[in-house]
Amino acid sequence: MSSTLIVLNLKTYLEGTGEGAVKVAQACKEVADDSGIEIGVAPQFCDIYRVASQVDLPVYAQSLDPVGAGSFTGHAFVQSIKDAGAVGTLINHSECRLTLANIDASITTARNAALKTIVCTNNVATSAAAAALGPDYVAVEPPELIGSGIPVSKADPGVVTGSVDAVKRINPAVQVLCGAGISKGEDLAAALELGSVGVLLASGIVKAADPKAALEDLVSKV
Ligand code: G3P
């Protein structure tokens with residue numbers, strides 16, 4: 001396995017919901033096995049168990065709530081996420097933003113449960129702030145490029161290199177992913193060139209007519 005990491009966020013796309021999540025995860029697994037590149041998926045909470053129990057690949061929650069066991073209603077409890085089969089979680093996605101205090105508490109909650117943490121950020125300053133909290137990964141994604149089909153690695157390389165530099169300065173143990181508009185092999189290659197260790201992506205694969213072919217293209221230039 002290379003050290004490159006690809007995480008596919010299934011969001012609430014219909015194509016990545018229920019049995020669709022299993023199908024997309026299966027495609028990820030096949031391409032990961034063929035390419036030697038680690039590919040994880042982040043399905044909706046209700047699909048974590050379905051995916052993790054049917055497909056042997058790393059499954060991430062799309063977020064979690066920093067609540068403990070007990071009198072809490074309507075929350076995503078870390079133990080439930082872990083027992084469902086997740087190995088990690090996204091935190092603070094632009095579509096699910098948290099306060100700084102909640103990001104910190106979510107990282108601590110996940111870490112205490114031995115879940116990997118990917119904190120999403122929207123610019124260099126928030127990447128630096130997130131790095132100070134010590135997650136496993138910071139994933140920088142300019143919100144205006146999310147779902148646009150315009151790859152961050154080409155449209156805004158500075159936010160990637162700036163995040164890589166800032167994170168390295170603040171906490172060298174934290175690795176940087178980038179995302180937004182990534183779908184092609186050249187986008188991933190450019191992201192790696194810029195110093196990130198991989199990508200967090202969604203629509204370009206989940207909504208592709210043939211997700212497996214799209215994934216094969218994604219890894220073709222690494
Ligand atoms: O979490 C991944 C993300 O927000 C990027 O989405 O559709 O631009 O690949 P997309």
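Note that ligands are numbered from 1 as they come in the structure, with each ligand's atoms numbered from 1 the same way.
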- Task: State whether the shortest distance between N or O atoms of Y13 and N or O atoms of ligand 1 falls below 3.5 angstrom.
- Result: no
- Any idea which protein heavy atom is nearest atom 6 (O) of ligand 1, and the distance to it? K11 NZ, 3.4 Å
- N/O to N/O below 3.5 Å, does that happen between L201 and ligand 1? no
- Message: Tell me the protein heavy atom at minimum distance from atom 8 (O) of ligand 1, and give that distance in Å.
- Response: G147 N, 2.6 Å
- Keeping the roles fixed (side chain from T117, backbone from D136), state whether a donor-acceptor pair exists under 3.5 Å. yes
- Only one of L218, V41, L200 forms a side-chain contact (heavy atoms from CB on, under 4.5 Å) with L8, so which one is it? V41
- Task: Spell out, as yes or no, whether a donor-acceptor pair under 3.5 Å connects the side chain of S196 to the backbone of A191.
- Result: yes
- For G181, atoms of ligand 1 separated by under 4.0 Å from a heavy atom: 8 (O), 9 (O), 10 (P)
- Query: Which ligand 1 atoms, with their elements, are less than 4.0 angstrom from a heavy-atom of A180?
  - Reply: 5 (C), 8 (O)
- Query: Of the choices S203, S94, S183, which has the non-hydrogen atom that lies closest to atom 7 (O) of ligand 1?
  - Reply: S203
- Closest heavy-atom pair and its distance - G74, D65: O-OD2, 4.4 Å
- Who's closest to atom 1 (O) of ligand 1 heavy-atom-wise, of H93, E95, K207? H93
- Item | Carboxylate-amine/guanidinium proximity below 4.0 Å for D33 and K29 | yes
- the protein heavy atom lying closest to atom 9 (O) of ligand 1 turns out to be A202 N, 2.9 Å
- Task: Do me a favour and list the nearest non-hydrogen protein atom to atom 3 (C) of ligand 1 with residue, atom name and distance?
- Result: E141 OE2, 3.1 Å
- Task: Specify side chain, backbone, both or neither for I146, according to which of its non-hydrogen atoms lie closer than 4.0 Å to ligand 1.
- Result: both
- Message: I need the minimum non-hydrogen distance between S63 and F45, along with the two atoms involved.
- Response: O-CE2, 3.0 Å
- Minimal heavy-atom distance between N123 and V159, with the atoms involved, is CA-CG2, 3.9 Å
- Message: Between ligand 1 and G179, can you find any atom pair, the residue atom being a heavy atom, that is separated by under 4.0 Å?
- Response: no
- For I107, what are the other residues in its hydrophobic cluster, where any two members join if their side-chain heavy atoms are less than 4.5 angstrom apart? I91, L98, L100, I103, V119, L133
